[in-house]
Amino acid sequence: MNNTLDPKHSYILWGTPHSLYTGKARSCLIKKGLAFVERCPSHPDYKARVRTAVGMVTFPVLETPQGEFIQDSTDIVSYLESMDEPASATSVTPLSPVQRVVARLIDGFGLEGMLQVAMHYRWSYRDTQELFLQTEFGRGLYAGADREARRAAGRRVMDFFSSSLPILGINPETSPAIECAYEELLEALDVHFQGYPYLMGWRVSIADLGLIAPMYAHLGRDPYPTALMKKRAPNVARWVERMQRPNTPDGEYAPHVADWLSDDEIPVTLEPVLTLLFKDWGPQLLADVASYQHWLDAHPGIESGQLINFNDSRLVHPTLGKVSYAWRGIQVQRASAVHGLWLFQLAQDAAQAMSAADKEKLSALYQRTGGQDVMALHLPRPMERVNNVLVLK
Ligand SMILES: N[C@@H](CCC(=O)N[C@@H](CS)C(=O)NCC(=O)O)C(=O)O
């Protein structure tokens, strides 16, 4: 693979610093040691080439040296993985079965299960970080030297994003529970990162790439939540920094072999993190699966290739309508999140492919971490990504 920084032949990552999903793709490129340049959608080529190729205004998009355009942070990681030998040192997908399923689950939780907390801390504290947000949203849209023009460009789109809070179930009733859940997660992660540089141990994996999505752009970069993270969980803040750096020997930890744990083991300190994953993402997944079933029932005979969305629009966050579920003592009402189901399906596919003995080991882990109900879930019909959208398989 071409690994020298030649803007004509290296990867181009189309995205912005403040974008949640771009953070996953960026850390993947960095950790794999690949040469890339990052370009904002304010670049004239975005409209001319990228938007046309992808068929939507969204990012991240990876432009490969061969001229392909890949949208979706998970598809970007899968593509980059396909360029590596599975057993190579730069692969980020564990080969052993239990580790693979756990890493996939955390990937999905970070990307979709934590969207609510990321958006809460960005927009519920808008007053305290207004200028930062204007500048960052403007950065993606305006490339000139006029500071006020950049801020104005940011202001023009911010209301669109902040208005999605009710759709995500974020309101004064749910906000205290969202914050409580996040602070518990920070605590569990801080304990974990005391002992290990990465979620799955001594080596970066897709689990880190999923979790860095909300933890970098929103929770580890916007002023209000960054201060919270640094004050409450400095080891997590350090991991966020580590995810922006190439793989280097970690002198701050005791000497170790830079790999995942042997014998398909999961770090003991990751179990409290998994407990929170099941507790906090589980009710949403259950409700989203039920909503998917309901949609399928309402469309008998629906064929493979059918767009999975409440209408025919190609949306980056498709939904099948409203869901309502009990969570941490309150009732959450929000739009169902189809994309989270696809990510969950990736974990379930890995779980299905296991041997009976490995399934038993995984099941023991779920029992210790309260994941039985969630892992008993199955998508009533598989989905796949075709032409940058989710469709029935
Ligand atoms: N599933 C996509 C999500 C991409 C995404 O939501 N990107 C944001 C920018 S960070 C976006 O395009 N938002 C516009 C919208 O929600 O319509 C991925 O993983 O790349």
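Numbering of ligands and ligand atoms starts at 1, following listing order.
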Student: Could you give the distance from CG (Leu379) to CZ (Arg381), rounded to the nearest 0.5 Å?
Tutor: 11.5 Å

Student: Using a 3.5 Å cut-off on N or O atoms only, is His339 in polar contact with ligand 1?
Tutor: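 In this structure, His339 places an N or O atom under 3.5 Å from an N or O of ligand 1.
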
Student: Can you tell me which residue and heavy atom of the protein come closest to atom 10 (S) of ligand 1, and the distance to 0.1 Å?
Tutor: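 Residue, atom and distance for the closest contact: Ser19 OG, 3.0 Å.
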
Student: Give me the nearest non-hydrogen protein atom to atom 11 (C) of ligand 1 as residue plus atom name, then the distance to 0.1 Å.
Tutor: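 Nearest protein contact, heavy atoms only, for atom 11 (C) of ligand 1 is Thr58 OG1, 3.5 Å.
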
Student: Does Tyr21 have any ring-ring contact (aromatic ring centres under 6.0 Å, His included) partners at least two apart in sequence or in another chain, and if so, which?
Tutor: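 Scan of Tyr21 (ring-ring contact (aromatic ring centres under 6.0 Å, His included), adjacent residues dropped) gives His317.
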
Student: Indicate yes or no: does Lys24 engage Asp107 in a salt bridge with an N to O separation below 4.0 Å.
Tutor: yes

Student: Less than 4.0 Å between a side-chain N and a carboxylate O, is that true for Glu63 and Arg39?
Tutor: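 Salt bridge: no.
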
Student: Heavy atom to atom 9 (C) of ligand 1, shortest distance: which of Tyr21, Phe59, Trp342, Phe160 holds it?
Tutor: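 Checking each option, the heavy atom nearest atom 9 (C) of ligand 1 is found in Phe59.
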
Student: Should the pair Asp264-Arg100 be classified as a salt bridge under the 4.0 Å nitrogen-to-oxygen rule?
Tutor: no

Student: Could you state the interatomic distance from CG (Asp263) to OG (Ser96), rounded to the nearest 0.5 Å?
Tutor: 9.0 Å

Student: Backbone, side chain, both or neither: what part of His317 comes under 4.0 angstrom of ligand 1, heavy atoms only?
Tutor: side chain

Student: Give a yes/no verdict on whether any heavy atom in Met56 is under 4.0 Å from an atom of ligand 1.
Tutor: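 It does not, in that no heavy atom of Met56 comes within the 4.0 Å cut-off of ligand 1.
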
Student: Provide the number and element of each atom of ligand 1 under 4.0 Å from a heavy atom of Pro60.
Tutor: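 Near Pro60, meaning under 4.0 Å from one of its heavy atoms, ligand 1 has 20 (O).
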
Student: Is Glu136 paired with Arg150 through a side-chain N to carboxylate O contact shorter than 4.0 Å?
Tutor: no

Student: Could you identify the single nearest non-hydrogen protein atom to atom 2 (C) of ligand 1 and state the distance to 0.1 Å?
Tutor: Asp72 OD1, 3.4 Å

Student: Answer yes or no: is there an ion pair linking Arg368 with Glu271, defined by an N-O contact shorter than 4.0 Å?
Tutor: yes

Student: So which heavy atom in the protein is nearest atom 15 (C) of ligand 1, and how far is it from that ligand atom?
Tutor: Val316 CG1, 3.4 Å

Student: Do me a favour and list the nearest non-hydrogen protein atom to atom 13 (N) of ligand 1 with residue, atom name and distance?
Tutor: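 Checked against all protein heavy atoms, atom 13 (N) of ligand 1 sits closest to Phe161 CE2, 4.0 Å.
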
Student: Do any nitrogen or oxygen atoms of Gln71 come within less than 3.5 Å of a nitrogen or oxygen of ligand 1?
Tutor: yes

Student: Would you mind reporting whether Thr16 and Arg139 have side-chain heavy atoms less than 4.5 Å apart?
Tutor: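 Not in contact.
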
Student: Could you find the nearest protein heavy atom to atom 20 (O) of ligand 1 and give me its residue, atom name and distance?
Tutor: Ser73 N, 2.8 Å

Student: Can a non-hydrogen atom of Thr22 be found less than 4.0 Å from any atom of ligand 1?
Tutor: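 Judged by the 4.0 Å heavy-atom criterion, Thr22 does not count as contacting ligand 1.
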
